[in-house]
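For reference, the structure is listed below as C-alpha coordinates.
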Amino acid sequence: MPASDPAPRNNSSTPAVNPGRERSETRRPSVFWALALIILPVINLAVRFKVTDVGKFPRTGAFVMAPNHFSEIDPVLMGVLSWKLGRAPRFLAKASVFTLPGLGWLLRKSGQIPVQRGGSVRGSEPVKAAERLVERGQMVVVYPEGSLTRDPDLWPMRGKSGAVRIALERGIPVVPVAHWGAQQIMPRYSKKLSLFPRRTVLVKIGDPLDLAEFRGRNLDSATLNEATKVVMDAITQLLEDLRGETAPTKRWNPAEHDQKETGRFEA
(Lines give C-alpha, C1' and ligand atoms only; values in the text may rest on other atoms or scores of the structure.)
Protein backbone atom coordinates (compact mmCIF):
# COMPACT_ATOMS: atom_id res chain seq x y z
CA MET A 1 0.00 0.00 0.00
CA PRO A 2 1.23 3.58 -0.62
CA ALA A 3 2.68 5.67 2.17
CA SER A 4 0.22 7.72 4.17
CA ASP A 5 2.14 10.98 4.59
CA PRO A 6 1.11 13.48 1.91
CA ALA A 7 3.78 14.76 -0.43
CA PRO A 8 3.88 18.44 -1.38
CA ARG A 9 2.41 19.06 -4.81
CA ASN A 10 4.83 21.61 -6.15
CA ASN A 11 7.85 21.77 -8.40
CA SER A 12 10.43 21.05 -5.72
CA SER A 13 12.59 18.01 -5.13
CA THR A 14 11.18 15.65 -2.55
CA PRO A 15 12.80 12.65 -0.84
CA ALA A 16 9.64 10.53 -0.89
CA VAL A 17 6.59 10.16 -3.10
CA ASN A 18 2.95 9.36 -2.47
CA PRO A 19 -0.49 10.41 -3.72
CA GLY A 20 -1.44 12.53 -0.72
CA ARG A 21 -5.07 12.48 0.35
CA GLU A 22 -6.55 12.14 -3.13
CA ARG A 23 -8.58 9.06 -3.92
CA SER A 24 -6.23 6.86 -5.92
CA GLU A 25 -6.31 3.67 -7.97
CA THR A 26 -4.07 2.00 -5.41
CA ARG A 27 -6.86 2.06 -2.80
CA ARG A 28 -9.18 -0.03 -4.94
CA PRO A 29 -8.90 -3.79 -4.32
CA SER A 30 -7.13 -5.44 -7.24
CA VAL A 31 -4.43 -7.93 -8.13
CA PHE A 32 -2.01 -5.01 -7.80
CA TRP A 33 -2.31 -5.44 -4.04
CA ALA A 34 -0.75 -8.89 -4.35
CA LEU A 35 2.05 -7.48 -6.50
CA ALA A 36 2.59 -4.66 -4.01
CA LEU A 37 2.87 -7.13 -1.13
CA ILE A 38 5.58 -8.99 -3.02
CA ILE A 39 7.56 -6.09 -4.45
CA LEU A 40 7.20 -3.08 -2.13
CA PRO A 41 8.93 -4.52 0.98
CA VAL A 42 12.07 -5.32 -1.05
CA ILE A 43 12.16 -2.05 -2.99
CA ASN A 44 11.47 0.06 0.10
CA LEU A 45 14.48 -1.51 1.82
CA ALA A 46 16.73 -1.18 -1.21
CA VAL A 47 15.69 2.09 -2.84
CA ARG A 48 15.10 5.66 -1.80
CA PHE A 49 13.34 7.71 -4.47
CA LYS A 50 14.16 11.40 -4.75
CA VAL A 51 11.64 12.93 -7.13
CA THR A 52 11.72 16.37 -8.71
CA ASP A 53 8.50 17.99 -9.97
CA VAL A 54 6.28 15.30 -8.46
CA GLY A 55 3.25 17.56 -8.96
CA LYS A 56 3.49 17.14 -12.73
CA PHE A 57 2.51 13.47 -12.51
CA PRO A 58 -1.20 13.15 -13.41
CA ARG A 59 -3.18 11.70 -10.50
CA THR A 60 -6.27 11.01 -12.62
CA GLY A 61 -7.11 10.39 -16.26
CA ALA A 62 -5.39 8.57 -19.09
CA PHE A 63 -1.86 9.36 -20.19
CA VAL A 64 1.26 7.71 -21.55
CA MET A 65 4.24 7.63 -19.20
CA ALA A 66 7.46 7.65 -21.22
CA PRO A 67 10.65 6.93 -19.22
CA ASN A 68 14.24 6.37 -20.28
CA HIS A 69 15.46 2.76 -20.19
CA PHE A 70 18.94 1.49 -19.32
CA SER A 71 18.51 -1.32 -16.77
CA GLU A 72 16.34 -4.41 -16.66
CA ILE A 73 15.09 -3.34 -13.23
CA ASP A 74 13.68 -0.09 -14.68
CA PRO A 75 10.09 -1.40 -15.02
CA VAL A 76 10.04 -2.48 -11.38
CA LEU A 77 11.28 0.93 -10.23
CA MET A 78 8.92 2.87 -12.47
CA GLY A 79 6.04 0.62 -11.45
CA VAL A 80 6.73 1.24 -7.77
CA LEU A 81 7.06 4.97 -8.42
CA SER A 82 3.69 5.04 -10.19
CA TRP A 83 2.09 3.05 -7.37
CA LYS A 84 3.48 5.42 -4.74
CA LEU A 85 2.00 8.29 -6.73
CA GLY A 86 -1.42 6.65 -6.67
CA ARG A 87 -1.56 5.12 -10.14
CA ALA A 88 -1.72 1.45 -11.11
CA PRO A 89 0.96 0.96 -13.78
CA ARG A 90 0.32 -1.03 -16.95
CA PHE A 91 3.28 -1.74 -19.19
CA LEU A 92 3.98 -2.92 -22.69
CA ALA A 93 6.17 -5.85 -21.54
CA LYS A 94 8.17 -8.60 -23.20
CA ALA A 95 5.88 -11.50 -24.04
CA SER A 96 8.43 -13.99 -22.72
CA VAL A 97 7.86 -12.98 -19.08
CA PHE A 98 4.18 -13.90 -19.42
CA THR A 99 5.22 -17.55 -19.74
CA LEU A 100 6.74 -17.66 -16.24
CA PRO A 101 4.61 -19.66 -13.78
CA GLY A 102 2.76 -17.46 -11.31
CA LEU A 103 4.27 -14.21 -12.54
CA GLY A 104 2.64 -14.56 -15.95
CA TRP A 105 -0.78 -14.97 -14.34
CA LEU A 106 -0.27 -11.88 -12.18
CA LEU A 107 0.86 -9.85 -15.18
CA ARG A 108 -2.17 -10.81 -17.24
CA LYS A 109 -4.59 -10.18 -14.38
CA SER A 110 -3.08 -6.75 -13.72
CA GLY A 111 -3.55 -5.67 -17.33
CA GLN A 112 0.06 -5.77 -18.51
CA ILE A 113 0.40 -5.98 -22.28
CA PRO A 114 2.63 -8.62 -23.94
CA VAL A 115 4.82 -7.55 -26.84
CA GLN A 116 6.71 -10.07 -28.97
CA ARG A 117 10.44 -9.45 -29.15
CA GLY A 118 11.46 -8.04 -32.48
CA GLY A 119 7.88 -7.29 -33.47
CA SER A 120 6.67 -3.91 -34.59
CA VAL A 121 4.62 -1.96 -32.07
CA ARG A 122 3.18 0.28 -34.74
CA GLY A 123 -0.37 -0.72 -35.69
CA SER A 124 -0.13 -3.94 -33.69
CA GLU A 125 -2.30 -5.61 -31.09
CA PRO A 126 -0.23 -4.20 -28.19
CA VAL A 127 -1.14 -0.67 -29.26
CA LYS A 128 -4.82 -1.64 -29.46
CA ALA A 129 -4.60 -3.14 -25.96
CA ALA A 130 -2.98 0.04 -24.64
CA GLU A 131 -5.74 2.09 -26.22
CA ARG A 132 -8.33 0.01 -24.36
CA LEU A 133 -6.63 1.04 -21.11
CA VAL A 134 -6.81 4.65 -22.23
CA GLU A 135 -10.54 4.33 -22.86
CA ARG A 136 -10.93 3.40 -19.19
CA GLY A 137 -8.96 6.43 -18.03
CA GLN A 138 -5.89 4.40 -17.06
CA MET A 139 -2.21 5.12 -17.57
CA VAL A 140 0.11 3.05 -19.72
CA VAL A 141 3.90 2.97 -19.50
CA VAL A 142 5.68 2.81 -22.85
CA TYR A 143 9.46 2.89 -23.21
CA PRO A 144 9.98 4.93 -26.39
CA GLU A 145 13.42 3.41 -26.93
CA GLY A 146 11.84 -0.03 -27.25
CA SER A 147 14.71 -1.75 -25.41
CA LEU A 148 17.64 -0.91 -23.17
CA THR A 149 19.67 1.94 -24.62
CA ARG A 150 22.73 0.91 -26.60
CA ASP A 151 24.41 4.24 -25.88
CA PRO A 152 27.71 3.42 -24.10
CA ASP A 153 27.13 6.20 -21.56
CA LEU A 154 23.48 5.25 -20.96
CA TRP A 155 21.98 8.32 -22.63
CA PRO A 156 18.60 7.79 -24.34
CA MET A 157 19.00 6.38 -27.83
CA ARG A 158 16.73 6.84 -30.83
CA GLY A 159 13.03 6.45 -30.10
CA LYS A 160 10.25 4.38 -31.62
CA SER A 161 6.74 5.59 -32.31
CA GLY A 162 4.54 3.44 -30.05
CA ALA A 163 4.16 6.04 -27.28
CA VAL A 164 3.26 8.95 -29.54
CA ARG A 165 0.95 6.86 -31.71
CA ILE A 166 -1.16 5.92 -28.68
CA ALA A 167 -1.16 9.53 -27.48
CA LEU A 168 -2.08 11.05 -30.83
CA GLU A 169 -4.75 8.49 -31.70
CA ARG A 170 -6.44 8.91 -28.30
CA GLY A 171 -5.81 12.61 -27.69
CA ILE A 172 -3.97 12.13 -24.40
CA PRO A 173 -0.69 13.58 -23.12
CA VAL A 174 2.70 11.96 -22.96
CA VAL A 175 4.47 12.52 -19.65
CA PRO A 176 8.26 12.28 -20.08
CA VAL A 177 10.15 10.88 -17.10
CA ALA A 178 13.88 10.49 -16.52
CA HIS A 179 15.54 8.48 -13.78
CA TRP A 180 19.14 7.84 -12.76
CA GLY A 181 20.62 5.43 -10.25
CA ALA A 182 19.12 2.12 -11.33
CA GLN A 183 22.50 1.11 -12.77
CA GLN A 184 23.84 0.90 -9.22
CA ILE A 185 21.16 -1.67 -8.39
CA MET A 186 21.33 -3.66 -11.62
CA PRO A 187 23.83 -2.67 -14.32
CA ARG A 188 22.72 -2.92 -17.92
CA TYR A 189 22.34 -6.59 -18.93
CA SER A 190 23.60 -7.79 -15.57
CA LYS A 191 21.82 -10.67 -13.84
CA LYS A 192 23.01 -9.55 -10.41
CA LEU A 193 21.03 -7.34 -8.04
CA SER A 194 22.76 -5.09 -5.54
CA LEU A 195 20.05 -4.33 -2.99
CA PHE A 196 22.32 -3.22 -0.15
CA PRO A 197 23.37 -0.68 0.85
CA ARG A 198 20.25 1.29 0.09
CA ARG A 199 20.53 3.29 -3.14
CA THR A 200 19.04 6.61 -4.12
CA VAL A 201 17.22 6.74 -7.45
CA LEU A 202 16.80 10.24 -8.82
CA VAL A 203 13.64 10.90 -10.83
CA LYS A 204 12.50 14.00 -12.68
CA ILE A 205 9.01 14.30 -14.12
CA GLY A 206 8.50 16.55 -17.11
CA ASP A 207 5.62 18.70 -18.23
CA PRO A 208 2.90 16.67 -19.95
CA LEU A 209 3.32 16.94 -23.73
CA ASP A 210 0.00 17.33 -25.52
CA LEU A 211 1.64 17.11 -28.98
CA ALA A 212 -0.98 19.57 -30.21
CA GLU A 213 1.10 20.58 -33.22
CA PHE A 214 0.76 17.05 -34.61
CA ARG A 215 -2.97 16.59 -34.12
CA GLY A 216 -5.01 16.55 -37.30
CA ARG A 217 -2.05 15.39 -39.39
CA ASN A 218 -1.82 12.01 -41.05
CA LEU A 219 -0.06 9.60 -38.72
CA ASP A 220 2.51 8.63 -41.30
CA SER A 221 6.14 7.82 -40.56
CA ALA A 222 7.28 11.42 -40.90
CA THR A 223 4.71 12.71 -38.39
CA LEU A 224 5.31 9.90 -35.90
CA ASN A 225 9.08 10.28 -36.10
CA GLU A 226 8.84 14.03 -35.62
CA ALA A 227 6.57 13.63 -32.59
CA THR A 228 8.81 10.91 -31.18
CA LYS A 229 11.78 13.26 -31.42
CA VAL A 230 9.89 15.79 -29.28
CA VAL A 231 9.36 13.16 -26.61
CA MET A 232 12.95 11.90 -26.73
CA ASP A 233 14.29 15.45 -26.54
CA ALA A 234 12.18 16.05 -23.42
CA ILE A 235 13.38 12.84 -21.75
CA THR A 236 17.00 13.64 -22.60
CA GLN A 237 16.71 17.16 -21.17
CA LEU A 238 15.33 15.76 -17.92
CA LEU A 239 18.19 13.27 -17.70
CA GLU A 240 20.73 16.02 -18.37
CA ASP A 241 19.29 17.89 -15.40
CA LEU A 242 19.53 14.83 -13.16
CA ARG A 243 23.07 13.95 -14.20
CA GLY A 244 24.36 17.51 -14.43
CA GLU A 245 25.88 16.62 -17.79
CA THR A 246 25.23 17.33 -21.44
CA ALA A 247 24.05 14.52 -23.68
CA PRO A 248 25.67 13.89 -27.08
CA THR A 249 24.34 16.17 -29.81
CA LYS A 250 23.47 13.14 -31.94
CA ARG A 251 21.27 10.46 -30.39
CA TRP A 252 22.62 6.90 -30.57
CA ASN A 253 21.13 4.78 -33.36
CA PRO A 254 21.86 1.03 -33.13
CA ALA A 255 21.52 0.62 -36.92
CA GLU A 256 24.48 2.94 -37.42
CA HIS A 257 26.64 0.80 -35.13
CA ASP A 258 25.77 -2.68 -36.45
CA GLN A 259 23.80 -3.46 -33.29
CA LYS A 260 20.64 -5.52 -32.99
CA GLU A 261 17.42 -3.75 -32.08
CA THR A 262 16.60 -6.30 -29.36
CA GLY A 263 18.41 -8.67 -27.06
CA ARG A 264 21.73 -8.41 -25.25
CA PHE A 265 24.89 -7.13 -26.85
CA GLU A 266 28.49 -6.55 -25.97
CA ALA A 267 29.05 -2.91 -25.00
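Just so it is clear, the structure is predicted and the values come from calculations on it, not from any experiment. Computation of the quantities below employed the complete heavy-atom set of this structure, encompassing side-chain atoms and omitting hydrogens, waters and symmetry-equivalent molecules.
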Salt-bridge present (Arg136, Glu131; N to O < 4.0 Å) | no
Non-hydrogen side-chain atoms of Pro58 and Met139 separated by less than 4.5 Å | no
Verify, without hydrogens or angle tests, whether Arg188 (side chain) and Thr149 (backbone) share a donor-acceptor contact under 3.5 angstrom.
-> yes
Would you indicate whether the side-chain heavy atoms of Val164 and Val64 approach each other to under 4.5 Å?
-> no
What distance do Leu242 atom CG and Lys204 atom NZ have between them, rounded to the nearest 0.5 Å?
-> 7.0 Å
Could you give the distance from NZ (Lys50) to OG1 (Thr200), rounded to the nearest 0.5 Å?
-> 8.0 Å
Give the cluster check for Leu224 versus Val115: same hydrophobic cluster or not, with ILVMFWY residues linked at side-chain heavy-atom distances below 4.5 Å.
-> yes
Are the side chain of Thr228 and the backbone N or O of Gly159 linked by a donor-acceptor pair below 3.5 Å?
-> no
Only counting residues at least two apart or in another chain, list the ones meeting side chain to side chain donor-acceptor pair (under 3.5 Å) with Glu240.
-> none
How far does CD1 of Ile172 sit from CD of Gln138, to the nearest 0.5 angstrom?
-> 11.0 Å
Does Leu238 share a hydrophobic cluster with Leu85, counting links as ILVMFWY side-chain heavy atoms below 4.5 Å and allowing steps through other members?
-> no
Could you give me the CA-CA distance, side-chain angles and deciding distance for Asn68 and Glu145, then say whether side-chain contact (heavy atoms from CB on, under 4.5 Å) is met?
-> CA-CA 7 Å; Asn68 59 318; Glu145 295 165 89; 4.0 Å; yes
Is the side chain of Asn44 donor-acceptor paired with the backbone N or O of Pro41 at a distance under 3.5 Å, no angle test?
-> no
Taking all atoms of both residues into account, what is the closest heavy-atom pair of Pro156 and Met232, and its distance?
-> CB-CE, 3.7 Å
Shortest non-hydrogen separation from Ala130 to Leu92 and the atoms involved = CB-CD1, 4.1 Å
In Å and rounded to the nearest 0.5 Å, what is the OG to CD distance from Ser194 to Gln184?
-> 8.5 Å
Carboxylate-amine/guanidinium proximity below 4.0 Å for Arg170 and Glu135 | yes
Can you tell me if Gln183 uses its side chain to pair, donor with acceptor, with the backbone of Gly181 under 3.5 Å?
-> yes
Side-chain contact, heavy-atom cut-off 4.5 Å: Val201 with Ile185?
-> yes
4.5 Å side-chain heavy-atom contact, Ser71 and Tyr189 | no
Check the pair Ile38 / Trp33 against side-chain contact (heavy atoms from CB on, under 4.5 Å), numbers first and verdict last.
-> CA-CA 9 Å; Ile38 296 169; Trp33 284 14; over 6 Å; no
For Arg243, salt bridge (Lys or Arg N to Asp or Glu O under 4.0 Å) partners two or more places apart = Glu245
Any Phe214 side-chain heavy atom under 4.5 Å of Leu219 side chain = no
For the residue pair Gln112 and Ser110, what are the closest heavy atoms and their distance?
-> NE2-OG, 3.2 Å
Is a donor on one side and an acceptor on the other found under 3.5 Å between the side chain of Arg108 and the backbone of Leu106?
-> no
Do any N or O atoms from the side chain of Arg90 and from the backbone of Gly111 form a donor-acceptor pair under 3.5 angstrom?
-> no
Can you check side-chain hydrogen bond (donor to acceptor under 3.5 Å, both in side chains) on Asn225 and Lys160, steps first, answer last?
-> CA-CA 8 Å; Asn225 289 340; Lys160 293 187 176 181; over 6 Å; no
Between the side chain of Asn218 and the main-chain N/O of Asp220, is any donor-acceptor distance below 3.5 Å?
-> no
Is there a donor-acceptor pair under 3.5 Å between the side chain of Arg199 and the backbone N or O of Ala182?
-> no
Is it true that Arg251 and Asp233 make a salt bridge, defined as a side-chain N closer than 4.0 Å to a carboxylate O?
-> yes
Please step through side-chain contact (heavy atoms from CB on, under 4.5 Å) for the pair Leu148 and Glu72, ending with a clear verdict.
-> CA-CA 8 Å; Leu148 303 188; Glu72 289 180 322; 3.7 Å; yes
Would you say Tyr143 and Ile205 are hydrophobically clustered, going by side-chain heavy atoms of ILVMFWY under 4.5 Å?
-> yes
Can you list the steps and then say if Trp252 with Gln259 is a side-chain hydrogen bond (donor to acceptor under 3.5 Å, both in side chains)?
-> CA-CA 11 Å; Trp252 190 271; Gln259 294 173 334; 2.9 Å; yes
Under a single-linkage definition using a 4.5 Å side-chain heavy-atom cutoff for Ile, Leu, Val, Met, Phe, Trp and Tyr, are Leu81 and Leu202 assigned to the same hydrophobic cluster?
-> no
Step by step, work out the salt bridge (Lys or Arg N to Asp or Glu O under 4.0 Å) result for Glu169 and Arg215.
-> CA-CA 9 Å; Glu169 287 186 349; Arg215 301 196 190 283; over 6 Å; no
In this structure, CG of Leu77 is separated from CD1 of Ile73 (nearest 0.5 Å) by 5.0 Å
With distance as the sole test, does Thr26 use its side chain to make a donor-acceptor pair with the main-chain N or O of Arg87 at under 3.5 Å?
-> no
Give a yes or no on whether the backbone of Leu154 and the side-chain of Asp151 come within a donor-acceptor separation of less than 3.5 Å.
-> yes
Is Val177 linked to Trp155 within one hydrophobic cluster, defined over Ile, Leu, Val, Met, Phe, Trp and Tyr using a side-chain heavy-atom separation of less than 4.5 Å?
-> no
Sorted by chain and number, sequence neighbours left out, ring-ring contact (aromatic ring centres under 6.0 Å, His included) with Phe70 holds for His179, Trp180
Over all atoms of both residues, closest heavy-atom pair of Pro75 and Phe91 = O-CZ, 3.3 Å
Heavy-atom closest contact (Ala62 atom, Val134 atom, distance) = CB-O, 3.6 Å
With rounding to the nearest 0.5 Å, note down the distance linking CD in Glu25 to CZ in Phe32.
-> 8.0 Å
Identify the heavy atoms of Pro89 and Val141 that sit nearest to each other, and give their distance.
-> CB-CG2, 4.4 Å
Mind running salt bridge (Lys or Arg N to Asp or Glu O under 4.0 Å) on Glu226 and Arg217 for me, showing each step along the way?
-> CA-CA 12 Å; Glu226 190 178 345; Arg217 292 168 52 174; 3.0 Å; yes
Given the options Leu209, Leu239, Thr236, Pro176 meets side-chain contact (heavy atoms from CB on, under 4.5 Å) only with Leu209
